[in-house]
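When a ligand or atom number is given, it counts from 1 through the structure's own listing order.
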Amino acid sequence: MDDQQFSNQAYDDVIDRVAADAEAFWLEQARMLIDWVEEPTRALDSSRAPIHRWFPDGELNVCSNALDRHVAAGRGDQPAIVYDSPVTDTVRTITYSQLLDEVSRFARALSDRGVSKGDRVVIYLPMIPEAAVAMLACARIGAIHSVVFGGFAPAELAVRIDDMQPKAVISTSCGVEANRILDYKPMLDEALGLAESAPDFTVIVQREQHRCGMGEDDVDYTELLASTPTGIDPVPVRATDELYVLYTSGTTGRPKGIVRDSGGYAVALAWSLPNIFGLRPGDTMFTASDVGWVVGHSYIVYGPLLAGVTSVLFEGKPIGTPDAGTFFRIVDDHNVNVHFTAPTAMRVVRKEDPEGELIRKYDLSSLRASFLAGERLDPDTYEWTTRVLREATGRDIPVVDNWWQTETGWPIAANPLGLTRFPIKPGSPTKPVPGYRVEVVDASGAPMPVGQEGLIVIRLPLPPGTMATVWGDDSRFVSSYLSAFDGCYLTGDSGYIDEDGYLFVMGRTDDVINVAGHRLSTGVMEAVISSHPAVTETAVIGVHDETKGQIPRALVVIGTSAEAVDADTLKAELIALVRKEIGPVAALRRIDIIPALPKTRSGKILRKTMREIADGVENPAVPSTIEDPAVLDDLHSVLRSS
Ligand code: COA
Ligand code: AMP
């Protein structure tokens, strides 16, 4: 732990107030932080418990809170978004007034074409300002957006289109990476061909790096805006109306559409900016993530804008665009106060620039904190990041591990810099954020003793901003998250709480893995591999990787008729299949063909044991119910080989 002492008074006060009356606390925050069309008079609707809804009688517009009110308050000339794109050699500043103008005109264009409150819009865009414009334009007219990450394959996009049944899809001609152009339009067309549901129209942002051919139902974004000279007023929605749906990997093949409401989310984000991130209106936040992930929704688009903060929208990678100093060049160029990225990004920076020489090239005097989330922050990466930032600035820049999920929408545990600065214990995101009542329990729901690992749950009701339900499926929300233990939300993570109340999050308890900060399901990969005719059985496990945190490895058993097939050809086919069906983001590169999978007598595949062997755990846990120990013994050398 570091020695510096900070007063915890402000944090303790908030904890006490939330403990005394959470509803009164959040109602007060709601009134202070958000402009309402109808101010809520009630905080919580628990009439459908275990499903709870925040601010049931409130009405607002999230876009208007993110843009109009700041312009009205005189912030119109402040940059809202700074688009920094080393891959296209572009830096463009968009002020709050300019963003409001473009968003409200695009919102009108959508509305003129029949998109209205409650309709869905799928957004399939890379990291360009139009992604934020599209999201906010939907929010302005009460349409529900669903952003799909660019690294997913057409088949995954099609599944989401079918689940959302959108009126419109907004996409682009291309994505731009350091060394290649990603042809978006053919992927979109393929997805639309696969999907059963057809949108009324598609809007295409033509990028000069690679223009695409346009079909009958495609509308050019620039032409659409040019022919829409006036904007549209924000449409009031209920606080409980859906703002967006964001799909995430679950334990089954079907991705889950996490539904976010409007009012609770706006309140939670507007609260988190000053209290967790220590950011005030006029400050600058640089979140190096992607709008396709929850971190991008909350801390590239909605959070900073709701709080009147400038957001840097970065189209590039931590390395190779052009080098490992990029993040820090941006901090210098745009006077960034808070930087946020995934631990994996810092690990790749470290690999390229182990001594932080590129980092020291830049003036980081504006930087107040570096936030890391999306996967476990290993102590080594924490120590390295802290050290290189200290060497570059001569100051102690807090490196803040924060733990949360697509489902929660904002941090569950973090060092809340606006309230205090807890001494850091590397490997821990410190303590729960006020509003989250985090507990660790055993399989029967009984509390685990201090320091012992168990299942992490959060007592209901969850605070505002957390998931409202699963899109179109309340019962899946209840069965997946709310029914394991009475009155609790099951996070799917395991961990422990130590004697000082610090939380340690150790890993998932389900088949979700985290590859380079991307959340993936091994179950989905298994389903794709099993669809190959040569495969009789497979298990995909997430094994430790120095840089990406985890990487998937597949163990495959083939049928007798496939034994004559060349093994390398088959492996290449399976890798290509996963890439085609799930997308490049699945990043499956290692497959081993084996004679049999180790199982319990009841037929359960010993994935955890295999993972522990692959990770080099000294005494991997082997259940006493194992069917044939010889199968596992034979696998040792395969699993241990890298
Ligand atoms: N669109 C299309 N393809 C994408 C993509 C996108 N938005 N993002 C990744 N891909 C592709 C990559 O090009 C790569 O393809 P390849 O196999 O043909 O090379 C594949 O998906 C795997 O990508 P990834 O695992 O991300 O590896 P990488 O080497 O390209 O990048 C990192 C590694 C660490 C730089 C990158 O993963 C990263 O920045 N991660 C942080 C994630 C994050 O921000 N998470 C949110 C929490 S903050
Ligand atoms: P996602 O929904 O993509 O944000 O992924 C959420 C999952 O990532 C969590 O359930 C955790 O397993 C993992 N995760 C995110 N942040 C952290 C963190 N700071 N520490 C440990 N695990 C994390």
Contact with ligand 1 for Pro126, non-hydrogen, under 4.0 angstrom: no

Salt bridge (Lys or Arg N to Asp or Glu O under 4.0 Å) assessment of Asp592 paired with Arg553: CA-CA 8 Å; Asp592 289 289; Arg553 262 185 82 171; 2.9 Å; yes

Derivation of the salt bridge (Lys or Arg N to Asp or Glu O under 4.0 Å) call for Glu190 and Lys185: CA-CA 8 Å; Glu190 192 183 333; Lys185 187 62 169 41; over 6 Å; no

Worked verdict on Lys425 versus Asp500 for salt bridge (Lys or Arg N to Asp or Glu O under 4.0 Å): CA-CA 10 Å; Lys425 297 190 188 191; Asp500 298 318; 2.6 Å; yes

Nearest neighbour of atom 29 (O) of ligand 1 from the list Arg589, Met346, Glu315, Lys548, on a heavy-atom basis: Lys548

Salt bridge (Lys or Arg N to Asp or Glu O under 4.0 Å) evaluation trace for Glu352 with Lys317: CA-CA 13 Å; Glu352 296 269 304; Lys317 296 260 166 152; over 6 Å; no

Enclosure of Lys608 NZ (heavy-atom neighbours >12, cutoff 6.0 Å): no

Proximal atoms of ligand 2 relative to Asn402 (non-hydrogen, under 4.0 Å): 16 (N), 18 (C), 19 (N)

Heavy atom of protein closer than 4.0 angstrom to atom 23 (O) of ligand 1: no

Distance-only donor-acceptor check, side chains Arg519 and Thr248, under 3.5 Å: yes

Protein heavy-atom partner closest to atom 1 (P) of ligand 2 - residue, atom, separation in Å: Thr406 OG1, 3.5 Å

Atoms in ligand 1 with a heavy atom of Gly150 nearer than 4.0 Å: 1 (N), 2 (C), 6 (C)

Contacting atoms of ligand 1, where contact means under 4.0 angstrom from a heavy atom of Leu182: 1 (N), 2 (C), 3 (N)

Numbered atoms and elements of ligand 1 in range of Ala373, under 4.0 angstrom, heavy atoms: 47 (C), 48 (S)

Which residue and heavy atom of the protein sit nearest atom 6 (C) of ligand 2, plus the separation: Trp404 O, 3.5 Å

Heavy-atom gap Arg347 to ligand 1 smaller than 4.0 Å: no

Aromatic ring proximity, centroids under 6.0 angstrom, Phe340 and Trp293: no

Contact check: Arg508 vs ligand 2, nitrogen or oxygen atoms, below 3.5 angstrom: yes

Any Arg519 heavy atom less than 4.0 Å from ligand 1: no

Residue Arg376 vicinity, atoms of ligand 2 by number, heavy atom under 4.0 Å: 20 (N), 21 (C), 22 (N), 23 (C)

Ligand 2 contact on Asp493 by region, counting heavy-atom pairs under 4.0 Å: side chain

Numbered atoms and elements of ligand 1 in range of Phe149, under 4.0 angstrom, heavy atoms: 5 (C), 6 (C), 7 (N), 8 (N)

Aromatic centroids of Phe286 and His334 separated by under 6.0 Å: no

Nearest-contact summary for atom 28 (P) of ligand 1 - protein heavy atom, Å: Lys317 NZ, 4.1 Å

Atom 47 (C) of ligand 1 touched by protein heavy atom at under 4.0 Å: yes

Closest approach of any protein heavy atom to atom 13 (C) of ligand 2, naming residue and atom: Asn514 ND2, 3.6 Å

Side-chain donor or acceptor of Ser483 paired with backbone N/O of Val478 under 3.5 Å: yes

Nearest protein heavy atom with distance in Å, relative to atom 3 (O) of ligand 2: Arg519 CB, 3.3 Å

Ring center gap for Phe149 and His518 short of 6.0 angstrom: yes

Side-chain heavy-atom pair Ile170, Leu125 within 4.5 angstrom cut-off: yes

Proximity flag Gly374 to ligand 2, non-hydrogen atoms under 4.0 Å: yes

side-chain hydrogen bond (donor to acceptor under 3.5 Å, both in side chains), paired with Tyr436, selected from Trp410, Trp403, Tyr489, Trp404: Trp410

Sub-4.0 Å heavy-atom contact, Pro318 with ligand 1: yes

Identity and separation of the nearest protein heavy atom to atom 17 (O) of ligand 1: Arg579 NH1, 3.0 Å

Residue Val295 vicinity, atoms of ligand 1 by number, heavy atom under 4.0 Å: 47 (C), 48 (S)

Criterion salt bridge (charged side-chain N to carboxylate O under 4.0 Å, His left out) against Arg347, the qualifying member of Asp378, Asp545, Asp380: Asp378

Expected output: side-chain Asp493 to main-chain Ile456 donor-acceptor under 3.5 Å: no

Residue and atom name of the nearest protein heavy atom (relative to atom 41 (C) of ligand 1), distance in Å to one decimal: Ala516 O, 3.5 Å

Phe371 ring center within less than 6.0 Å of Tyr299 ring center: no

Atom 32 (C) of ligand 1 touched by protein heavy atom at under 4.0 Å: no

Shortest protein heavy-atom distance from atom 4 (C) of ligand 1, along with the residue and atom involved: Gly151 CA, 3.7 Å

For Asp401, the ligand 2 atoms whose distance to one of its heavy atoms is below 4.0 Å: 18 (C), 19 (N)

Protein heavy atom at shortest distance from atom 18 (C) of ligand 2: Glu375 O, 3.2 Å

Option nearest atom 43 (C) of ligand 1 (shortest heavy-atom distance, choices Ala586, Pro343, Ala342): Ala342

Cation-pi geometry met for Arg160 and Tyr124 (6.0 Å, 45°): no

Close-contact set for ligand 2 against Val505 heavy atoms, below 4.0 Å: 21 (C), 22 (N)

contact_flag Arg180 ligand 1 heavy-atom lt 4.0 Å: yes

Per-atom contacts of ligand 1 with Glu177, taking only distances under 4.0 Å to non-hydrogen atoms: 13 (O)

Atoms of ligand 1, numbered as shown, that sit under 4.0 Å from any heavy atom of Thr344: 34 (C), 40 (N), 41 (C)

Ligand-side contact atoms (ligand 1) for residue partner Gly517, heavy atom cut-off under 4.0 Å: 45 (N), 46 (C)

Nearest protein heavy atom under 4.0 Å from atom 36 (C) of ligand 1, yes or no: no

His297: which of Tyr247, Tyr244, Tyr265, Tyr302 passes ring pair (Phe, Tyr, Trp, His ring centres under 6.0 Å): Tyr244

cation_pi(Lys431, Phe422) dist<6.0 Å, angle<=45: yes

Heavy-atom nearest neighbour in the protein, as seen from atom 11 (C) of ligand 1, with distance rounded to 0.1 Å: Pro584 CB, 3.8 Å

Proximity flag Trp293 to ligand 2, non-hydrogen atoms under 4.0 Å: no

Side-chain heavy-atom pair Tyr362, Val331 within 4.5 angstrom cut-off: no

